[in-house]
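Single-structure report; data block below.
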Amino acid sequence: SWYPSSDMNNAGISNPVAKPNETTTYNVQIKTDVCTKDTSIVVTVHELPNIESIVVEGEKQDRYATPTVSGGQTPYSYSLNNEDYSEVPEEILSHVPIGWNLLYVKDHYNCLSTKEFYVEPVPIYPAKYFTPNGDGKSEEWTITDLDAYSSYIVEIFDRHGKRLYIKKVGSFNGEEVTKAGSEVFTWNGEYNGHQLPSDDYWYLITVEEIRKQYTGHFTLKR
């Protein structure tokens, strides 16, 4: 017989299990036909680590997260989206992906806590016009802040729907096409090495990380 019993006083169960919510001392009395034995055992319940806050800082692909953790038993180990764990948060919380992420924190006793956090998408700004006329101003069509993303596709069409240009950056279907860099996207207004005439052109930008497409048009002026 157990005290507190916690539904463990069942002679038919040889290995009863106690699951207290707080540290508890259990007293047990074992009786046979010839003797009685009393003993006790302490079940220690460790406090879970508490993820108080997660602050995301940095720009573009240099985003990093800084967690504040208390409780539990140090040292802590950290994981982003349940991948590799590290006791150095900077090792796994750098280059945090845009969108929803899940931070895992384990303490010395492997007690685990999680906290979800969201990284806002970075807006992109396709230029409304460019003037490749050799004066050194607006010589190329640009998409500001597209380099915030590691995977994207840029397509450019004429007014009849003919595709004049395509560029893929990042990983598609597990294959890396072109590694993303930190440079601003540009297009020089040429097709097969020939200068295109002054006109309106249309773009389709597919940003893989946020599953979003941007469409619109811009003007080439010579």
Side-chain angles (χ1 to χ4, degrees), residues 1-122 148-151 170-176 180 207-212:
S1 60
W2 292 83
Y3 179 82
S5 65
S6 300
D7 300 322
M8 294 193 297
N9 290 334
N10 188 331
I13 301 177
S14 59
N15 295 293
V17 177
K19 297 181 179 180
N21 293 321
E22 58 186 10
T23 298
T24 304
T25 299
Y26 287 90
N27 298 294
V28 61
Q29 185 179 79
I30 303 171
K31 288 185 177 181
T32 69
D33 292 339
V34 296
C35 64
T36 299
K37 174 66 175 179
D38 293 292
T39 190
S40 64
I41 187 170
V42 177
V43 177
T44 302
V45 178
H46 297 287
E47 178 187 14
L48 287 174
N50 176 36
I51 306 173
E52 297 179 3
S53 64
I54 303 171
V55 177
V56 179
E57 299 176 288
E59 297 180 353
K60 299 183 179 181
Q61 294 184 49
D62 294 325
R63 296 176 298 271
Y64 60 93
T66 303
T68 300
V69 183
S70 62
Q73 179 63 52
T74 57
Y76 305 122
S77 58
Y78 305 83
S79 173
L80 184 63
N81 301 319
N82 204 25
E83 296 179 356
D84 296 334
Y85 279 81
S86 172
E87 291 186 5
V88 182
E90 292 80 8
E91 291 183 356
I92 56 94
L93 293 176
S94 299
H95 309 293
V96 177
I98 287 173
W100 286 105
N101 294 275
L102 191 60
L103 175 64
Y104 291 72
V105 177
K106 288 182 180 179
D107 73 355
H108 174 72
Y109 297 110
N110 277 331
C111 295
L112 174 67
S113 290
T114 62
K115 189 177 184 69
E116 198 171 40
F117 65 101
Y118 186 72
V119 178
E120 292 285 348
V122 177
Y149 299 95
S150 60
S151 294
S171 179
F172 301 87
N173 298 320
E175 179 182 354
E176 187 173 272
V207 183
E208 289 290 301
E209 289 176 54
I210 57 176
R211 303 295 183 185
K212 186 173 182 178

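Note that the structure is a prediction, hence the values are computed from the model and not measured.
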- Can you check whether P49's main-chain N or O pairs, donor with acceptor, with S113's side chain at less than 3.5 Å? yes
- Would you check if the side chain of E209 reaches a backbone N or O of S150 as a donor-acceptor pair within less than 3.5 Å? yes
- Task: May I have the step-by-step check of side-chain hydrogen bond (donor to acceptor under 3.5 Å, both in side chains) for E91 and S86, ending in yes or no?
- Result: CA-CA 7 Å; E91 291 183 356; S86 172; 2.7 Å; yes
- Rounded to the nearest 0.5 Å, how far does CG of N81 lie from CH2 of W100? 12.5 Å
- Task: Find the distance between CD1 (I41) and CG (N27) and round it off to the nearest 0.5 Å.
- Result: 11.0 Å
- Message: Distance check, rounded to the nearest 0.5 Å: I92 atom CD1 versus E83 atom CD?
- Response: 9.5 Å
- Message: Minimum heavy-atom separation for K31 and T36, please, with both atom names.
- Response: CG-OG1, 3.7 Å
- Message: Could you measure the distance from the CG atom of L93 to the CZ atom of F117? Nearest 0.5 Å is fine.
- Response: 6.5 Å
- Task: Applying side-chain contact (heavy atoms from CB on, under 4.5 Å), name anything that partners S1, two or more places apart in sequence or on another chain.
- Result: N9, Q29
- Query: Side chains of P89 and Y64: does their closest heavy-atom pair fall under 4.5 Å?
  - Reply: no
- Do L103 and V105 come within less than 4.5 Å of each other through their side chains, counting heavy atoms only? yes
- Heavy-atom side-chain contact between P75 and H108 under 4.5 Å: yes
- Message: Please report the interatomic distance OG1(T24) to OH(Y3), rounded to the nearest 0.5 Å.
- Response: 10.5 Å
- Message: If you define the side chain from C-beta out and look only at heavy atoms, does anything of D62 sit under 4.5 Å from H95?
- Response: yes
- Item | Whether N101 side chain and G99 backbone form a donor-acceptor pair below 3.5 Å | yes
- S70 OG to N50 CG distance, which is reported to the nearest 0.5 Å: 4.5 Å
- Query: Between N15 and V17, is any pair of side-chain heavy atoms under 4.5 Å apart?
  - Reply: no
- Task: Answer whether the closest heavy-atom distance between the side chains of V28 and W2 falls below 4.5 Å.
- Result: yes
- Query: Is the CD atom of E22 crowded by more than 12 outside heavy atoms at less than 6.0 Å?
  - Reply: no
- Can you tell if the side chain of Y26 reaches within under 4.5 Å of the side chain of P4, non-hydrogen atoms only? yes
- Taking T23 for the side chain and V45 for the main chain, is one N or O donor matched with an acceptor at less than 3.5 Å? yes
- Query: Are there more than 12 heavy atoms of other residues, nucleotides or ligands under 6.0 Å from atom CG of D84?
  - Reply: no
- Query: How about E59: does its CD atom have over 12 heavy atoms from other parts shown lying under 6.0 Å from it?
  - Reply: no
- Specify the closest pair of heavy atoms between G72 and D107, including all atoms of both residues, with the distance to one decimal. CA-OD2, 3.5 Å
